[in-house]
A.B. asks: 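The following block contains the structure, expressed as C-alpha cells.
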Amino acid sequence: MQRTLILNCNNKIGENVMVCGWVSVRRDHGKIVFLDVYDRSAIVQVVVTGELAGDLHPQDVVCITGNVAKRPENLVNLNLETGSVELQASKIEILSKAEELPFDMGGKELDLQLPTLLDFRSLTLRHPKVKAIFKVQEVTIDAFREAMKKKDFTEFQAPVIIPQTAEGGADVFEVKYFNHKAFLSQSPQFYKQIMVGVFERVFTVNKTLRAEPSVTTRHLTEVTTLDAEFGFIENWLDVMEMADYVIKYIFERVGRECGETLKMFGVTIPTVPEKIPMIKLRDAQEVIFKRTGRDNRKEPDLEPEDEREICRWSKEEKGSELIFVTHYPVKKRPFYTFEDPEDPGYTLSFDLIGRGTEWLTGGQRINNLETLERNAKEWGVDLKKSELYLQAFKYGMPPEGGFSFGSERIVMHVLGLTNVREASLFPRDMERVDVRLSTLK
RNA sequence: GGGACCGUAGUGAACUGGUUAUCACGUCUCCCUGUCACGGAGAAGAUAGCGGGUUCGAUUCCCGUCGGUCCCGCCA
C-alpha cells in the first residue's frame, strides 16, 4: 500500500491508508489505546485496540495501516491540525524499537538543563519545540539568500583554510597543513572583498571559526555567518540601508512562515520602524550616562549592560527594538575600516544591536591600496601572506562596504532564547564538541 | 584570562546538623472503549559528584577536587 503523509489524512476520510512515523505519546485505556504518531508533515491520533498496541513506546518507528475516520463533533481536538480526524488502525508494523527515553518527550515543553539538552542532542532535537528553532534558522538563512539575490548579489563559496587571519587578532584555530601552518577562517572578510572585484555584489553563507576563550551565553566557536559585500556605494549609509533591508526581509519571512513557532515561544518579531534608528557611539554613551549615571563616555566600545540599556532607550524613544550604533573609534576596528573624513578618529562602521546584543557588524572599507597597506602596518597585520587580498586593490576596486550577521544570534533573539547554544544544532564551544571535552580525558 | 554561584533517583525540582531524604514526570505491575501531556491503585529506583575536616552525629557547616551554570573581558 502507498504511504500517505499524515497531513493528507484530512482529505482521506473513509479511505484506508498507511502512515509512517514516530510514536510520540501513548494514552492507554486498556482495551482501547490512543497513540499520537507524527511524521514530517503533522501529528495524528491513532486509535488502536490494546492487543494491537502491544508494548509500543514513545519514539518507536511504525507504519500503521488503517481507516481515516471523522471524529464525532464533541471529540474534535482543535489544538491539532488533524484534530477533526483519527486513524483507526488495523495493522501496525514496527520498523524500529526505541529504548526507554531518559526524559519525557511528550510535553509541550522540554524542561531540561542545557548540558542534558546537549548531551542527548540527537534525541532532544526531535522535540517539537526544539525542532522548530531550526526551521526558523532555515527560513532565516533562506530569506537572507533570497533578499540578496533580489538585489542582484551573487553567492560565492569562501575558503575555510586561510594563510593569515583577517582581523589580525590571535583568536584563530591553527591547523597543521602538511609541512606548514595554516588557520581556520574566522571571517570570509578578505574573500568577500576580493569578490567585489569580480561580481560587484556578493554574499556568502558559511562557517566561521573562532578560538576566542569566551564562555558566555552568546558565544560559539563555530558560527554560521551571513556575509554581504558590494561595490560602487555612494557612501557608508548605502551599506547600512542594505543591512536594514535584509534584516526586515528576514523578519517578514520568519513572521509569515513561522507564526506557530513564534506563538509557541511566546514572542513576536522585533518591532522596527520604517528606518532602523542610528546613533553615534559617543551619543549612545551620553544617553546611557544621562539615563543611568554610568559614565563610560571614554570607553571605545559598549559594555554588555550598555548594549542592553541602549536597546531599552531605542525601544522607548524610537519605537525600535533594533538600533545601529555607529562611529566606533578607528583603533577599535580592523585595519580595513574606513575612517570618517568628517569625524577623524572615528570609522564609518556600525553594529546592529537588538534585544541587548550585537547581531551584525558592517561598514565602509578602505579601497585605496596605500591607505590599506599603511593601516595594516600600523595595526601590526602582516599582509605578506595575503597577497591576493592586496592584489584586488592593486588592480582597481570601487568604493565598497559590507556587513556580517551571526545567524544563531538572529534566531536566538527572535525566539527569545537565553543561550545561543540553543540556536545551534550541534554547538561547539570551549568545553564541548558534541561530547563534553571533559569526559574525554 | 578574571569573578560569582551551583552539584539530591533516569529527568526536573524541594527540604533538612538527628531515626524510613520529599515531590512531579518517566519506568514496571494491575484496573479502565473516548483520551489527547488521559485517569486510578500499587511497586521499583538516590551509598545526596568524589576526597578530607569540624561535630556525639554531616546530604546540610568548612577545605580540596572534579563537573556544571552565570557574569565580566572579547566578539557575530
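If you're wondering where the values come from, they're calculated on a predicted model, not measured in any experiment. Below, chain A is the first sequence line, B the second, and so on; all start at residue 1.
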A.B. asks: The side chain of A/K108 is closest to which nucleotide in this list: B/A76, B/A37, B/G12?
C.D. replies: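 Looking only at heavy atoms from C-beta outward on A/K108, the closest nucleotide is B/A37.
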A.B. asks: Less than 3.5 Å between a donor and an acceptor, one on the side chain of A/D36 and one on the base of B/C36, is that the case here?
C.D. replies: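 Under the 3.5 Å cut-off, the side chain and the base do not form any donor-acceptor pair.
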A.B. asks: Does A/T217 make a side-chain N or O approach to OP1 or OP2 of B/U69 shorter than 4.0 Å?
C.D. replies: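 Answer is no, no contact under 4.0 Å.
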A.B. asks: If I take atom CD1 in residue A/I353 and atom P in nucleotide B/C74, what distance separates them, rounded to the nearest angstrom?
C.D. replies: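 Taking atom P of B/C74 as the reference, CD1 of A/I353 is at 13 Å.
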A.B. asks: Work out how far the P atom of B/G18 is from that of B/C74, and round it to whole angstrom.
C.D. replies: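 About 48 Å, rounded to a whole number of Å.
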A.B. asks: Given side chains that start at C-beta, do those of A/R432 and A/D119 come closer than 4.5 Å, heavy atoms only?
C.D. replies: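 SC-SC contact between A/R432 and A/D119 confirmed.
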A.B. asks: Expressed in angstrom and rounded to an integer, what is the separation of A/D429 atom CG from B/G68 atom C1'?
C.D. replies: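 After rounding, the reported distance stands at 12 Å.
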A.B. asks: To the nearest Å, how far apart are A/R333 CZ and B/A76 P?
C.D. replies: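 Atom CZ in A/R333 sits about 7 Å away from atom P in B/A76.
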A.B. asks: Relative to each other, are the rings of A/Y38 and A/W22 parallel, tilted or perpendicular (30° and 60° limits)?
C.D. replies: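 If you compare the ring of A/Y38 with that of A/W22, the planes turn out parallel.
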A.B. asks: Using purine N1 to pyrimidine N3 plus N6-O4 or O6-N4 for Watson-Crick, or N1-O2 and O6-N3 for G-U wobble, each under 3.5 Å, what pairs with B/G73?
C.D. replies: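 Checking every strand shown, B/G73 finds no partner, since no pair has both distances under 3.5 Å.
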A.B. asks: Using whole Å, what does the distance between atom C1' of nucleotide B/U69 and atom CE of A/M430 come to?
C.D. replies: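 Value for this atom pair: 15 Å.
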A.B. asks: With a 3.5 angstrom cut-off on both distances, give the Watson-Crick or G-U wobble partner of B/G18, or none if there isn't one.
C.D. replies: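 B/C56 is the nucleotide pairing with B/G18.
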A.B. asks: Kindly indicate whether the side chain of A/M148, heavy atoms from C-beta on, has any atom under 4.5 Å from the side chain of A/E155.
C.D. replies: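 No, side chains not in contact.
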A.B. asks: Looking only at side-chain N and O atoms, does A/T116 come under 4.0 Å of OP1 or OP2 in B/G12?
C.D. replies: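 Result: yes.
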A.B. asks: When we call it a touch if two heavy atoms are under 4.0 Å apart, what does A/E222 touch: a base, just sugar-phosphate, or nothing?
C.D. replies: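 Since no nucleic acid heavy atom lies under 4.0 Å of A/E222, the category is nothing.
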A.B. asks: To check you understand the geometry: which heavy-atom pair defines the closest contact between A/T82 and A/I43, and what is its length?
C.D. replies: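 So the two residues come closest at OG1-O, 2.6 Å.
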A.B. asks: Go through the N and O atoms of the side chain of A/E109 and the base of B/G12, and report whether any donor-acceptor pair is under 3.5 Å.
C.D. replies: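 No, the side chain and the base share no sub-3.5 Å donor-acceptor pair.
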A.B. asks: Is there a side-chain polar atom (N or O) of A/T361 under 4.0 Å from OP1 or OP2 of B/C75?
C.D. replies: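 Negative; the distance criterion is not met.
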A.B. asks: So what does A/V25 touch, heavy atoms closer than 4.0 Å: a base, only the sugar-phosphate, or nothing?
C.D. replies: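 Sugar-phosphate only.
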A.B. asks: Suppose we call a contact any N or O donor and acceptor under 3.5 Å apart; does that hold for the side chain of A/R409 and the base of B/C75?
C.D. replies: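 When only heavy-atom distances are counted, A/R409 does reach the base of B/C75 through a donor-acceptor pair under 3.5 Å.
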A.B. asks: Tell me: CD of A/Q59 to P of B/U27, nearest whole Å?
C.D. replies: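 Rounded to whole Å, this separation is 13 Å.
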A.B. asks: Can you tell me the base-pairing partner of B/G67? Count Watson-Crick or G-U wobble geometry only, both distances below 3.5 Å, and say none if there is no partner.
C.D. replies: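 Partner of B/G67: B/C6.
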A.B. asks: Between B/G34 and B/A48, how many Å separate the two P atoms, rounded to a whole number?
C.D. replies: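 Comparing P positions in B/G34 and B/A48 gives a spacing of 45 Å.
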A.B. asks: Please name the residue in the list A/Y249, A/F403, A/F153, A/F203 that meets the ring pair (Phe, Tyr, Trp, His ring centres under 6.0 Å) test with A/F144.
C.D. replies: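 It is A/F203, the one option of A/Y249, A/F403, A/F153, A/F203 that forms the ring pair (Phe, Tyr, Trp, His ring centres under 6.0 Å) with A/F144.
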A.B. asks: Tell me which nucleotide, if any, is Watson-Crick or G-U wobble paired with B/G34 when both distances must be under 3.5 Å.
C.D. replies: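 Partner of B/G34: none.
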A.B. asks: Among B/G68, B/G26, B/A76, find the nucleotide with the atom closest to the side chain of A/S438.
C.D. replies: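 Looking only at heavy atoms from C-beta outward on A/S438, the closest nucleotide is B/G68.
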A.B. asks: For residues A/R210 and A/T221, determine if any side-chain heavy atom of one lies less than 4.5 Å from a side-chain heavy atom of the other.
C.D. replies: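 With C-beta onward as the side chain, the pair stays apart.
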A.B. asks: Would you indicate what A/E100 reaches in the nucleic acid, counting non-hydrogen atoms under 4.0 angstrom: base, sugar-phosphate, or nothing?
C.D. replies: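 Sugar-phosphate, backbone atoms only, no base.
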A.B. asks: Select one nucleotide: of B/A76, B/C28, B/G73, the one nearest the side-chain heavy atoms of A/L220.
C.D. replies: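 Looking only at heavy atoms from C-beta outward on A/L220, the closest nucleotide is B/A76.
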A.B. asks: Is there aromatic stacking of A/F34 on B/U35 here, judged by a ring-centre distance under 5.5 Å and a plane angle under 30°?
C.D. replies: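 Here the ring of A/F34 and the base of B/U35 are stacked, with centres under 5.5 Å and planes under 30°.
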A.B. asks: Taking B/U8 as the reference, what is the distance to B/G49 when you measure between their C1' atoms (whole Å, please)?
C.D. replies: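 Approximately 10 Å lies between the C1' atom of B/G49 and that of B/U8.
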A.B. asks: Measure from the side chain of A/I32, starting at C-beta and using heavy atoms only, and say which of B/U35, B/G34, B/C70 lies closest.
C.D. replies: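 Nearest to the side chain of A/I32 among the choices is B/G34.
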A.B. asks: Per the atom types in the model, does the base of B/U35 pair as donor or acceptor with the side chain of A/Q45 at under 3.5 Å?
C.D. replies: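 Answer yes: a donor N or O sits under 3.5 Å from an acceptor.
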A.B. asks: Any N or O donor-acceptor pair under 3.5 Å from the base of B/C36 to the side chain of A/R71?
C.D. replies: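 Pair found.
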A.B. asks: With a 4.0 Å cut-off, would you call A/R26 and A/D36 a salt bridge?
C.D. replies: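 No.
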A.B. asks: Please measure how far the P atom in B/G51 lies from the corresponding atom in B/A9, and state the result in whole Å.
C.D. replies: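 Pairwise P distance, B/G51 against B/A9, rounds to 16 Å.
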A.B. asks: Quick check on B/C72: is either OP1 or OP2 less than 4.0 Å from any side-chain nitrogen or oxygen of A/R218?
C.D. replies: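 Checking A/R218 against B/C72: at least one side-chain N or O falls below 4.0 Å of OP1 or OP2.
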A.B. asks: Expressed in whole Å, how much space separates the C1' atoms belonging to B/A14 and B/C23?
C.D. replies: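 So the two C1' atoms sit 7 Å from each other.
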A.B. asks: Whole Å only: how far is the NZ atom of A/K70 from the P atom of B/G34?
C.D. replies: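 For the pair A/K70 NZ and B/G34 P, the rounded distance is 21 Å.
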A.B. asks: Could a donor-acceptor pair under 3.5 angstrom be found where the side chain of A/S214 meets the base of B/C75?
C.D. replies: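 Side chain to base: no pair present.
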A.B. asks: With both distances under 3.5 Å as the test, what is the Watson-Crick or G-U wobble partner of B/A41?
C.D. replies: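 Answer to the pairing question: B/U29, which forms a Watson-Crick or G-U pair with B/A41.
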A.B. asks: Can A/H29 be said to stack with the base of B/C38, given centres closer than 5.5 angstrom and planes under 30 degrees apart?
C.D. replies: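 The base of B/C38 is stacked with A/H29 (centres under 5.5 Å, planes under 30°).
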A.B. asks: Between A/Q113 (CD) and B/C5 (C1'), how many Å, whole number?
C.D. replies: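 Atom-to-atom, A/Q113 to B/C5, this comes out as 13 Å.
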A.B. asks: Has the side chain of A/R210 got a donor or acceptor atom sitting under 3.5 Å from an opposite partner on the base of B/A76?
C.D. replies: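 By the distance-only test, yes, there is a pair.
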A.B. asks: I'd like the C1' distance from B/U22 over to B/U60, given in whole Å.
C.D. replies: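 These two C1' atoms come out 15 Å apart once rounded.
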A.B. asks: Rounded to the nearest 0.5 Å, how far apart are SG of A/C258 and CZ of A/R253?
C.D. replies: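 Rounded to the nearest 0.5 Å, the SG-CZ separation comes out at 8.5 Å.
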A.B. asks: Roughly how many Å apart are B/A13 and B/U69, using the P atom of each and rounding to a whole number?
C.D. replies: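 Between the two P atoms, the distance is 13 Å.
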A.B. asks: Relative to each other, are the rings of A/W359 and A/F251 parallel, tilted or perpendicular (30° and 60° limits)?
C.D. replies: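 Perpendicular, since the angle between the ring planes exceeds 60°.
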A.B. asks: Write down the distance separating the P atoms in B/U59 and B/G52, rounded off to the nearest Å.
C.D. replies: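 Straight-line distance between the two P atoms is 12 Å.
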A.B. asks: What is the distance, to the nearest angstrom, from the CE atom on A/M264 to the P atom on B/A37?
C.D. replies: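 Going from A/M264 (CE) to B/A37 (P), I get 14 Å.
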A.B. asks: Could you say whether A/R26 or A/E212 is positioned toward the 5' end of RNA chain B, judged by the nucleotide with the nearest heavy atom to each?
C.D. replies: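 Nearest nucleotide further toward 5': that of A/R26.
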A.B. asks: Counting only side-chain N and O atoms of A/K31, is one of them less than 4.0 Å from OP1 or OP2 of B/C31?
C.D. replies: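 A/K31 to B/C31 OP1/OP2: no side-chain N or O under 4.0 Å.
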